[in-house]
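Step one of this worksheet: look at the structure below.
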There are 2 protein chains.
Amino acid sequence: MTGGKIRNMEEFARVSGISRPTVSKYFNDPGSVRSSTRARIEAALEQHDYRPNIYAMNQNRKLTKNVGVVVPLLSDPYFAEIARNLEQRCIAAGYRPTLFSSHGDPAFEVEVLETLRSLKPAGVLLAPLGRASDRQALEKFCSDVPTLIFDSSVDEIGLAFVGSDNFQFTAHITDYLCRTGEPPCFFEMKTPANPNAHRRRQSYLNAMQEFGHTPHVISIDGEGWGFEEIGRLGGHEALQKGSFSTNTILCSNDRLAIGLLTACYEKNIRVGRGDDCAIRVAGQDGHPHSRYTCPPLTTISHNYDAVSQTAAEALFTAIEGQVSPWKSTRLEGKLILRDSA
Amino acid sequence: MTGGKIRNMEEFARVSGISRPTVSKYFNDPGSVRSSTRARIEAALEQHDYRPNIYAMNQNRKLTKNVGVVVPLLSDPYFAEIARNLEQRCIAAGYRPTLFSSHGDPAFEVEVLETLRSLKPAGVLLAPLGRASDRQALEKFCSDVPTLIFDSSVDEIGLAFVGSDNFQFTAHITDYLCRTGEPPCFFEMKTPANPNAHRRRQSYLNAMQEFGHTPHVISIDGEGWGFEEIGRLGGHEALQKGSFSTNTILCSNDRLAIGLLTACYEKNIRVGRGDDCAIRVAGQDGHPHSRYTCPPLTTISHNYDAVSQTAAEALFTAIEGQVSPWKSTRLEGKLILRDSA
DNA sequence: GGCATAATTTTACGCGCGTAAAATTTATAT
DNA sequence: ATATAAATTTTACGCGCGTAAAATTATGCC
């Protein structure tokens, strides 16, 4: 960084001894210019640290390099983690990711999509709110912007869907619980925000039938995204009423389980698989926090890396021109055995 | 939304019967045009749902309406929560917030600032990584872009600093612990990422001296932002060695406390203030998760709302032209009594 | 060395809007 | 009604870059 400040691409082209259109081409795709030219531009870049004006760039480009990443609730570490993962993959692939959270609010989700639309992104990685989402708005957005849906599926919209195999999740952990103790009952929200919850319930019912056990589902009240509190309150009520039919409780997700663990603590009920424990509790998701609950939570974890890799690559492929029919990819989870079950 | 698609402001101006420069003025600041004109534009807006091209807008505007919000680690729900709060205040004030996480990495923090710079933001709300931050890069950025520092202070850079009063935090909770049981020892990281940790240790030492007790600090090893794991491992070691001099442990922050609680669980040590409990554990921060630990964590909470409101307003005031000398605002925290101490 | 091909340069235009200055209209006060 | 200030319109230019077409130059190959 020596020379005076470079004001625009014209000046930068002059100092690097290359024509402006070629410089423009370089910034659009460094591989599209001859390697000797690329070397000269990069040498000049070291001297002058010029960066093209992104507004002027994006105004005229047919396709920006922007990628939107939208999650339902960024304050949920699960989504924060997957968003971070996706963000890094976008950067690595030469895109400019922008992060958005719907904050659990369908109206805000629509606003986010509107904002996103005005960003003219090359593509969007969208984890919809689910049940509460404005289907029509989503559909319209997907028809305008190349959108890959992840985490939670809403019909067959967008380019494709990538997420976890919730049937496998619940079947697998139900199997584990049945083999190691009393068959589990299933603890869930009556009106879950996320459609994955329905698959999990169904998978639980299937698995129990297959194993020859009688299923038992406890559906608790509660609206919104405060799952821990919903789980805690629902747990208190269920414990009070004796709604749990066995000593083993499989929760629809980890955050619900975390709330239930708190309820158990508050009711002085010892959780775990030891002889001195009254009940076993398991979750589903492999939530970043699940390692640190007391007891640490047995759960079945998303394959964060594989989900984000598959999702990101599918989007990039589509952006770069490969058209392929809508497809749903569901990845298996991995059982994580800890002390709670 | 009736009429055909509007391509640009020219067309929109035509259908609304207003000149383009006035329409432009409206979008820049709706209050700057006569109310009758505003009404006509807004009527047209209902009919045609036109939105100005943000790239063309920002290219020419001297000052964009963009505001960057940068936190050290978005997967920490504490930062996610404060980021959400700030984001909403920006929107309410008519700005366009963009969220960034440094992901705990000083090199990435610098990259974020570079990205931000090319966004030509009107202002930035920045929570620095702290000790690991590239001071020079931060300082240079602050001299180019109106930046308000929050959460963790780095010298006297930027427009101002807004955060919590860590001295008050620790003094207050230390006082509480002393009054209700054995005086606490202090559990912290040897090389904390965040400078607030130093203030808290110092405040602990001051408070203990003032109350006439002998302070005792346990400084544990560990690098990075995986505080729970650091707290858990450090907790195991300290418990093993009998490093805790009293039955009461005040942790430098909630995440460390969460890890310590897990260690206690794993060592079968009962935590709480009941007669059957061996030790008391308290945290600091009012972390969103602290309600759901087992036992629920006694802590002293940031005033999230007040911090974000003060920070946001200070930035907006500065953006809108009010120059005022650098100032540090530190807000008091509120004690939250739960079962752990 | 000559040729086909690819890369680059030249030239020129346009994107959608901000903005400034002067002319004109409208609102407000006297 | 008239003067004055404020808002709006007209006109015109420029921002920094993408992009297209044609002309030129460089590269690889036999």
Side-chain angles (χ1 to χ4, degrees), chain A residues 4-45 48-66 94 96 117-122 319, chain B residues 4-45 48-66 94 96 117-122 319:
Chain A
K5 291 287 161 280
I6 303 291
R7 306 201 139 279
N8 53 36
M9 197 180 278
E10 188 76 48
E11 282 188 25
F12 178 74
R14 193 161 31 239
V15 299
S16 59
I18 308 282
S19 76
R20 190 181 67 74
T22 304
V23 172
S24 166
K25 213 173 166 215
Y26 166 84
F27 279 111
N28 197 347
D29 175 10
S32 69
V33 302
R34 204 188 304 148
S35 59
S36 61
T37 313
R38 186 165 55 239
R40 290 172 67 193
I41 293 177
E42 276 159 6
L45 226 37
H48 302 281
D49 81 325
Y50 157 78
R51 297 186 69 166
N53 180 311
I54 51 170
Y55 297 114
M57 265 178 55
N58 289 331
Q59 176 176 16
N60 298 314
R61 244 209 261 282
K62 298 204 189 312
L63 211 55
T64 71
K65 293 262 178 195
N66 298 336
R96 294 180 24 90
R117 199 190 290 268
S118 70
L119 247 47
K120 302 186 193 305
I319 289 175
Chain B
K5 290 289 162 278
I6 303 291
R7 307 201 141 276
N8 53 36
M9 198 180 278
E10 189 75 50
E11 283 188 26
F12 178 75
R14 192 159 33 239
V15 300
S16 58
I18 309 283
S19 77
R20 190 180 66 74
T22 303
V23 171
S24 167
K25 212 171 167 216
Y26 166 84
F27 279 112
N28 197 347
D29 175 9
S32 69
V33 302
R34 204 188 304 147
S35 59
S36 61
T37 312
R38 186 165 56 241
R40 289 170 69 190
I41 293 177
E42 277 158 5
L45 226 38
H48 302 280
D49 80 326
Y50 158 79
R51 298 186 68 167
N53 179 311
I54 52 170
Y55 297 114
M57 263 178 56
N58 289 331
Q59 177 177 16
N60 299 312
R61 244 210 264 280
K62 297 204 190 313
L63 210 56
T64 71
K65 292 264 179 194
N66 297 337
R96 293 180 25 90
R117 201 190 288 270
S118 70
L119 247 47
K120 302 186 191 304
I319 290 175

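First the proteins, then the strands, lettered A, B, ... as listed; each starts at 1.
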Go through the structure and list residues passing side chain to side chain contact (heavy atoms under 4.5 Å, CB included) with [X], not counting sequence neighbours.
| X | result |
| --- | --- |
| A/Glu42 | A/Tyr26, A/Arg38 |
| B/Thr37 | B/Ile18, B/Thr22, B/Val33, B/Arg34, B/Ile41 |
| B/Met57 | B/Pro52, B/Arg61 |

- Message: According to ring-ring contact (aromatic ring centres under 6.0 Å, His included), who are the partners of A/Tyr50, at least two apart in sequence or on a separate chain?
- Response: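 Scan of A/Tyr50 (ring-ring contact (aromatic ring centres under 6.0 Å, His included), adjacent residues dropped) gives A/Phe12, A/Phe27.
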
- Item | Sequence neighbours excluded - side-chain hydrogen bond (donor to acceptor under 3.5 Å, both in side chains) pairs with any residue from residues 6-17 of chain B |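 Sorted pair list comes back empty.
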
- Message: At under 4.0 Å between heavy atoms, how does the protein contact nucleotides 9-19 of chain D? Give one character per nucleotide, 5' to 3', with B, S or -.
- Response: BBBB-BBBBBB

